[in-house]
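Working notes, structure below.
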Amino acid sequence: MIFIDTANHISALAAKMAKPHVIAAYPITPQTTIVERLAEYVESGQLNADFIRVESEHSAMAACIGASAMGARTFTATASHGLLLMHEMLHWAGLARLPVVMVNVNRAIGPGWNIWSDLNDSLSQRDTGWIQFYASSNQEVFDNIIQAYKIGESEEVMLPVMISYDGFTLSHTSMPVEVPEQSKIDEFLPPFKPAWKIDVENPITHGNIVPPEPYMEIRYSMQRAMERAKKIIEEVGEEWGKKFGREYDLIQEYKCDDADYVMVTMGAISAEARFAVDELRKRGEKVGLVNLRTFRPFPYEKLKYEKMIVIDRNVSPGLGGVVYHEMKKTGKDLYGFIAGLGGVDVSYKDFERIYELAKRGKEGWYPLEVK
Amino acid sequence: MLKEIIFYGRGGQGAVTAANLIASAALKSGNRGVQAFPFFGAERRGAPVKAFARISDNEIFLRSQIKKPDIVVVLDTGVMDAINVAEGIKKDGIILLNTNKSASDFSFPYRTAVVDATSIAIKNEILVGGIPVVNTPMTGALTKILDGIDIENLKLAIKERFGKIGDKNAKAAEEAYNEVIF
């Protein structure tokens with residue numbers, strides 16, 4: 001069935017169709033309508049889940065951690081400062097290897113107080129051991145959430161998964177979305193069967209003090225799990241394609257085959273950049289686009305183009321664009337641009353200008369300082 | 001063909017809902033690409049607000065705000081004291097106004113369409129807190145101006161959205177569809 005709705009309502013619907021046992025969430029702009037809709041689902045009996053009302057995002061994640069350790073499927077959603085308040089618990093979920101699934105609606109961090117999109121909130125959680133997905137359409141939001149459970153709960157992975165998308169630009173924008181029948185989702189996503197769980201009949205100790213050597217092994221096994229996750233993300237994306245007609249990989253490539261320059265973007269601006277690629281191609285420019293679907297694990301092996309223009313909707317002060325610097329590992333020629341912070345509109349015309357600037361060997365803060 | 005529409009109104013008048021209804025009706029009428037979104041601000045009841053809609057036969061990849069609309073819809077002409085609603089409109093663009101005046105009373109150098117949506121809302125008892133809500137009749141008038149949307153699909157979208165009060169809203173939309181002058 002195809003209908004239109006906002007990414008937030010689509011998120012709530014996807015979460016419902018994944019049949020979580022426990023939802024714990026605290027409302028924050030621009031995520032609020034996800035939580036409102038899920039509360040309606042639970043209240044009306046359309047979703048048989050425990051909805052735990054909490055006093056903060058830190059508690060929301062703590063509740064999801066506890067429930068997940070009991071073998072429950074869990075869901076939460078947040079944004080910006082809410083995500084930052086969870087920070088300690090995000091590490092906990094990662095190190096405990098609990099496949100909690102969370103939506104983060106990207107919103108800039110204050111002060112200056114700002115409710116609009118950039119990706120600094122989720123990117124500043126990059127070392128917490130969460131798999132991170134980004135989306136450029138409401139359809140991708142739906143597809144990513146269902147796939148997130150299958151990927152995170154895979155015995156080869158066992159990691160929490162964050163699905164991020166731009167505040168307002170997607171969260172409050174209605175677009176067509178194709179939603180499969182519940183029975184097809186059930187076939188794709190069987191119930192959560194944890195490799196271990198807390199069970200009063202069969203007591204285990206979990207999260208106790210660990211001496212240095214085993215601690216390092218825990219970290220090592222997490223890194224291995226992230227590496228294995230790349231294969232699992234590909235497999236699950238391929239299976240999704242076979243069942244529902246939309247195949248997914250770690251990245252999405254567009255008109256890259258003969259491209260002299262490839263733009264690399266993440267989030268909603270990837271769709272706008274695709275439009276810009278078509279406009280530039282009409283003028284004979286050989287340009288392509290890579291949309292990064294995953295940021296963790298980072299798909300650097302797939303970024304194989306000789307000249308890449310990286311547009312970051314984020315900044316690591318004192319270093320520069322986060323994606324640009326992570327991509328240095330590719331060893332290719334990179335041109336870095338920072339754009340669209342705090343919700344500054346980035347139109348296809350801006351991408352066309354950025355492309356022209358990169359061709360002249362320039363980079364920097366667009367449009368503030370490019371040299 | 002891509003059509004871009006900006007709606008101007010006041011917080012509480014349903015400009016965002018109007019954008020969603022027209023997008024939903026367009027999808028039902030076979031347009032593969034539709035989009036509806038608010039101006040990304042913190043809206044307050046009574047303050048001027050803006051909403052956007054895009055309609056296309058093909059999937060829409062644009063995510064930026066609309067700067068050069070094909071059609072501008074004004075739910076409350078009172079906002080025109082503070083806002084230049086014609087800003088950026090394309091040369092062959094159309095301005096649709098909710099007014100009981102005629103198009104010649106407005107000096108826009110663009111094609112101007114008029115419909116008395118407030119009277120239609122009052123007649124059909126579409127009131128919230130005693131104030132007429134003009135968004136559904138305005139979508140009816142807009143459907144007449146746009147190519148490629150069937151009024152029956154708009155009525156269906158309205159009924160899906162409004163449940164019990166869907167019928168009178170759909171009727172108001174149809175009346176505005178028939179009465180709009182352009």
Side-chain angles (χ1 to χ4, degrees), chain A residues 1-9 29-30 33 107-108 113-117 135-139 165-178 246 252 254 265 267-279 289 291 313 339-340 342-351, chain B residues 2 4-7 11 14-44 49-69 88 139 149 153-154 156-161 163:
Chain A
M1 181 180 162
I2 298 179
F3 59 95
I4 63 162
D5 214 333
T6 62
N8 277 359
H9 284 165
T29 301
T33 51
R107 164 184 157 186
W113 208 242
N114 183 301
I115 57 171
W116 298 280
S117 178
S136 67
S137 72
N138 295 4
Q139 184 71 61
Y165 57 84
D166 299 63
F168 295 102
T169 316
L170 293 190
S171 72
H172 287 60
T173 297
S174 294
M175 293 180 209
V177 177
E178 188 176 355
R246 293 178 298 277
Q252 294 169 320
Y254 184 63
T265 55
I269 61 170
S270 296
E272 189 89 13
R274 178 180 161 133
F275 189 93
V277 165
D278 286 339
E279 292 297 300
L289 173 73
N291 171 31
R313 196 174 207 174
V344 169
D345 211 20
V346 189
S347 76
Y348 67 95
K349 297 260 185 215
D350 295 313
F351 282 108
Chain B
L2 173 69
E4 297 187 303
I5 306 160
I6 301 182
F7 297 79
V16 179
T17 305
N20 272 290
L21 288 171
I22 209 72
S24 178
L27 182 71
K28 287 178 196 303
S29 301
N31 295 280
R32 280 185 60 219
V34 300
Q35 214 175 58
F37 53 107
F39 177 73
F40 308 137
E43 278 80 15
R44 294 137 303 166
V49 296
K50 201 153 103 162
F52 307 93
R54 288 191 172 102
I55 298 167
S56 173
D57 333 340
N58 299 310
E59 187 177 351
I60 294 171
F61 293 99
L62 295 169
R63 299 286 181 269
S64 53
Q65 294 183 25
I66 294 168
K67 300 276 167 53
K68 292 181 176 169
T139 55
I149 301 182
N153 285 327
L154 176 68
L156 191 60
I158 290 171
K159 286 175 187 174
E160 282 174 7
R161 169 77 193 224

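To find a chain, count down the sequence lines: A is the first, B the second, and so on, and within it residues start at 1.
- For A/S117, no part lies under 4.5 angstrom from a heavy atom of chain B.
- Proximity to chain A at a heavy-atom threshold of 4.5 Å picks out B/F61, B/L62, B/R63 from residues 53-63 of chain B, in numerical order.
- The shortest non-hydrogen separation linking A/I4 to B/S24 is CD1-N, 3.5 Å.
- In terms of heavy atoms, B/F37 sits closest to A/T173 at CB-OG1, 3.1 Å.
- With a threshold of 4.5 angstrom between heavy atoms, A/I269 does not approach chain B through any atom at all.
- Taking chain B as the reference chain and counting heavy-atom pairs below 4.5 Å, the highest number among A/I2, A/D345, A/V346 is found for A/D345.
- Among A/G167, A/P176, A/P30, the residue making the largest number of heavy-atom pairs under 4.5 Å with chain B is A/P176.
- Here B/L21 contributes atom CG and A/S174 contributes atom OG; the two are 10.0 Å apart, rounded to the nearest 0.5 Å.
- Within the 4.5 angstrom heavy-atom criterion, no atom of B/K28 approaches chain A.
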